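In this chain, numbering begins with 1 at the start of the sequence shown. As the structure is a computational prediction, the values presented were derived from the model and not from experiment.
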Amino acid sequence: MTAPTTAAPPAPAMPGRVRVGGVEVDAVREEEVLQRVGTALEAGRGGRIVTPNVDICRAAAADPALRALIGSADLVVADGMPLVWAARLLGTPLPQRVTGADLIWSLSGLAAERGWPVYLLGGGSPGVVHRAADRLADACPGLRVSGAHAPPYGFDGTPGGVARVMGKVVAAAPRLVFVGLGFPRQDLLITELRRELPEAWYVGCGAAIAFAAGTVARAPGWLRQAGLEWAYRLVSEPGRLARRYLVDDLPFAARLLGDCLAKRVTHRLTG
């Protein structure tokens, strides 16, 4: 399974969405996400959530098919503070940053209350994904984890690799599936899983499984609110993240905010 590279028409904007960073993002708070997912699951309707950050927006900016992949999701929430700042500069503010690392906890709590089984897919290694499952179950009494699996690296490039992973998920019959395989791998797999298990909700959650396991530390709350979680992660994992953050994402974020500021100034001068 590989990322799409051919051009595809962008999905039409859905009501309540804000265009920022080249993608359409839902202007919702975390509690509204829980409400929408809960209402849909009670009615037997599935869906998927994409959590774009600066890195995802940068990738989507270079590939129309990735923009369409994001836009076709049932919910698109801003995982990165630069997107929140950019939307504010444009005069179309987003009410809140909503991260996959937070949703894995809040949606698991909702699942525990309603008796919906969850599945964890990703995390990098069996030890990490099973530790995450244990910690979520401890924090959410009554939570049923119907499965936890960390596919080996490159599984989607081997014969039958995707089918084996999908078979495990479908056999477990979860109602909520957290997929932490990185964008766009996780989101491409989710689109295929939805065909086999359409009544479930899926969250492409990146590093959220590792965060939930405690194997990767999250930044303190004040750093997250200040938009400096990336700096905390960079200090924690410089070898893995230096190029991504400093060479790729930081310039993109600076251009994004600069362009939004210029548009705001122009609008005030001409308005």
Side-chain angles (χ1 to χ4, degrees), residues 2-14 16-28 30 33 48-103 179-188 190-191 202-208 219 224-234 240-264:
T2 58
T5 54
T6 57
M14 295 185 183
R17 285 191 171 174
V18 171
R19 179 175 291 278
V20 59
V23 300
E24 301 282 348
V25 181
D26 288 290
V28 292
E30 187 175 351
V33 174
R48 66 183 179 96
I49 300 174
V50 177
T51 57
N53 54 19
V54 167
D55 195 60
I56 290 174
C57 288
R58 180 182 58 79
D63 192 331
L66 292 182
R67 292 198 295 277
L69 178 66
I70 295 168
S72 64
D74 298 271
L75 277 170
V76 182
V77 296
D79 191 287
M81 277 304 296
L83 302 186
V84 177
W85 295 334
R88 191 178 301 155
L89 286 171
L90 291 171
T92 53
L94 297 168
Q96 186 183 38
R97 179 190 183 203
V98 183
T99 72
D102 291 323
L103 286 174
V179 187
L181 298 170
F183 180 86
R185 177 177 282 110
Q186 62 195 16
D187 304 275
L188 293 168
I190 285 170
T191 60
Y202 302 84
V203 185
C205 61
R224 300 201 297 268
Q225 288 299 319
L228 293 173
E229 186 166 14
W230 67 271
Y232 182 89
R233 292 195 64 195
L234 176 60
R240 190 173 73 86
L241 297 175
R243 177 173 179 81
R244 169 181 158 183
Y245 285 165
L246 299 179
V247 178
D248 297 329
D249 292 352
L250 196 57
F252 180 88
R255 288 195 301 271
L256 170 64
L257 294 172
D259 289 347
C260 291
L261 179 59
K263 289 178 182 177
R264 180 173 183 143

- Task: Identify the heavy atoms of Ala78 and Val25 that sit nearest to each other, and give their distance.
- Result: N-CG1, 3.5 Å
- Nearest heavy atoms of Leu234 and Ala242, plus distance in Å: CD1-CA, 3.5 Å
- Task: Output, in order, the C-alpha distance, side-chain angles, deciding distance and verdict of side-chain contact (heavy atoms from CB on, under 4.5 Å) for Leu83 and Cys57.
- Result: CA-CA 9 Å; Leu83 302 186; Cys57 288; 3.7 Å; yes
- With the side chain counted from C-beta on, respond yes when Val28 and Val77 share a heavy-atom pair under 4.5 Å apart, and no when they do not. yes
- Message: Can you give me the closest heavy-atom contact between Pro82 and Leu257, atom names plus distance?
- Response: O-CD2, 3.7 Å
- Item | Gap separating the CD atom of Glu24 from the CZ atom of Arg67, nearest 0.5 angstrom | 11.0 Å
- Task: Among residues two or more places apart or on two chains, list those pairs meeting side chain to side chain donor-acceptor pair (under 3.5 Å) that have a residue in residues 246-262.
- Result: Arg58-Asp249
- Query: How about Val54 and Leu250: do any of their side-chain heavy atoms sit closer than 4.5 Å?
  - Reply: no
- Here the pair of heavy atoms bringing Thr51 nearest to Cys205 is OG1-CA, 4.4 Å
- Within a strict 4.5 Å, meaning less than it, do heavy atoms of the Phe183 and Leu69 side chains meet? yes
- Message: Applying salt bridge (Lys or Arg N to Asp or Glu O under 4.0 Å), can you list everything that pairs with Arg48, at least two apart in sequence or on another chain?
- Response: none
- Item | salt bridge (Lys or Arg N to Asp or Glu O under 4.0 Å) partners of residues 80-98, not counting sequence neighbours, each pair once | Asp79-Arg97, Arg97-Glu229
- Tightest non-hydrogen contact, residues Leu246 and Pro251, listed as O-CD, 3.5 Å
- Heavy-atom closest pair (Ala207 atom, Arg233 atom, distance to 0.1 Å) is CB-NH2, 4.1 Å
- Item | Distance (rounded to the nearest 0.5 Å) between Leu90 CG and Thr92 OG1 | 5.0 Å
- Query: Quick one: are Val20 and Trp85 in side-chain contact, heavy atoms under 4.5 Å?
  - Reply: no
- Item | From CA spacing to verdict: side-chain contact (heavy atoms from CB on, under 4.5 Å), Asp74, Tyr202 | CA-CA 10 Å; Asp74 298 271; Tyr202 302 84; over 6 Å; no
- Query: Any donor-acceptor pair under 3.5 Å linking the side chain of Asp26 with the backbone of Val76?
  - Reply: yes
- Item | Min side-chain heavy-atom separation Leu103-Val98 under 4.5 Å | yes
